[in-house]
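Notes follow once the structure below has been shown.
Residue numbers run from 1 in the order of the sequence given. What you see is a predicted model; the values in this text were computed from it and never measured.
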Amino acid sequence: MGKLIDEFRKGWQGVAPPSLGLSIAFAAACLLIATAARWGLAQVRPDVYFTPYFPAVFFAAAFGGFRIGVVTALVGGVLGVVVNFSDAFADHARFALLALYWAVSALTIWGVEHYRSLLIEQRRISKRLIEEEDYRKLLVDELQHRLKNKLSTVHAVLHQVLHDQPQVWARIDPRLRSLATTDDLISRIDKAGCDIRDLLIAELGPYGHVRFTLNGDRLFLPPKLAVTLSLMFHELATNAGKYGAFSAPRGLLQVSWTVTGDRLTITWDETEGPSIGEVSAPGFGTKLLKSALTAFDGKTELSFLKTGLHCIMQCRIPKGG
């Protein structure tokens, strides 16, 4: 009995097609209930012949498919003509109603079958997306594992090479450890999100905590937004280390953020960096910065000032992550 109930549940939800026997039994039950309803209506209105069979056709087609729906419509029509709950017998008017009943039943079956096909396609696409997402997570986990191993190898090699130069090693060691901490944080926020301050500290820490200031209240970022901002902060920090504030001895960075309603505004302001000359054509990093927040109804504005890069990021904070 439990197996039969589970098969009925899966068939009704469209997870798996029911067996032919179960489909026929369900259609027969629908016809029986419709005939009983017709008998009850005949006590008030004897000339109701086919109306009770419309729900039977609908449910039978929804459960068993096109063929079961057609058989149910045919049998319902025959029952409407042959079975009488009054002294009236089949006449031309009843056969005209039979033709109308079958026409409406055909439209009903077509609509149900069309909906079933859309549902099946939607389930197929959803299953494929879930499989691709699982595969993506597997690849990301493997890449993170390999990156962590490579970083550990680099750390060990440098420690061996710089064994006789403790002062140089003392400057390199904390930066390598900060990079490892950043990688661990990014792998965690993809699942649970994180606070914006922790994210910024992880990204900017390798450049020295005295080189930047953070202004803003504690703000928890949902996973998807946290991952997106981590990519943007990483790109901005990398550029600051190559060409901006972090590439100059006196360069400083100030990052501030405010929240108004569900809108987040982040300001990235570099000062005391090298003077910015002619700006080259936008590369991948610039395109990433300008398009990353569109999924969150946001935008990014980049200004290359004499004092350094000025960037304003605005977006909506999603409620569900």
message: For Arg128, is there an ion pair with Glu131 - N to carboxylate O distance below 4.0 angstrom?
response: no

How about [X]: does its [atom1] atom have over 12 heavy atoms from other parts shown lying under 6.0 Å from it?
{"X": "Gln254", "atom1": "CD", "answer": "yes"}
{"X": "Arg124", "atom1": "CZ", "answer": "yes"}
{"X": "Gln167", "atom1": "CD", "answer": "no"}

Same cluster for [X] and [Y] if Ile/Leu/Val/Met/Phe/Trp/Tyr side chains link at under 4.5 Å?
{"X": "Val71", "Y": "Leu74", "result": "yes"}
{"X": "Phe233", "Y": "Tyr243", "result": "no"}
{"X": "Val57", "Y": "Val81", "result": "yes"}
{"X": "Leu32", "Y": "Ile68", "result": "no"}

[X] (side chain) donor-acceptor with [Y] (main chain) under 3.5 angstrom:
{"X": "Arg38", "Y": "Tyr53", "value": "no"}
{"X": "Arg263", "Y": "Gly298", "value": "no"}
{"X": "Trp257", "Y": "Arg218", "value": "no"}
{"X": "Arg211", "Y": "Leu253", "value": "no"}
{"X": "Glu272", "Y": "Arg250", "value": "no"}

With a 4.5 Å heavy-atom cut-off, do [X] and [Y] have their side chains touching?
{"X": "Phe59", "Y": "Thr72", "answer": "no"}
{"X": "Met313", "Y": "Thr228", "answer": "no"}
{"X": "Thr300", "Y": "Met232", "answer": "yes"}
{"X": "Phe296", "Y": "Pro318", "answer": "yes"}
{"X": "Phe212", "Y": "Leu252", "answer": "no"}
{"X": "Phe63", "Y": "Leu22", "answer": "yes"}
{"X": "Leu79", "Y": "Phe50", "answer": "no"}
{"X": "Leu289", "Y": "Cys311", "answer": "no"}

task: Can you sort out the partners of Phe66 under ring-ring contact (aromatic ring centres under 6.0 Å, His included), two or more places apart, ordered by chain and number?
output: none

Set of side-chain contact (heavy atoms from CB on, under 4.5 Å) partners for Ser303, sequence neighbours left out: Leu305, His310

message: Can you list everything that forms a side-chain contact (heavy atoms from CB on, under 4.5 Å) with Glu133? Sequence neighbours excluded, please.
response: Arg136, Lys137

task: Run the numbers on Thr51 and Tyr101 for side chain to side chain donor-acceptor pair (under 3.5 Å), then give the verdict.
output: CA-CA 8 Å; Thr51 303; Tyr101 158 75; over 6 Å; no

task: Could you grab the distance from atom CG of Leu199 to atom NE2 of His234, nearest 0.5 Å is fine?
output: 12.0 Å

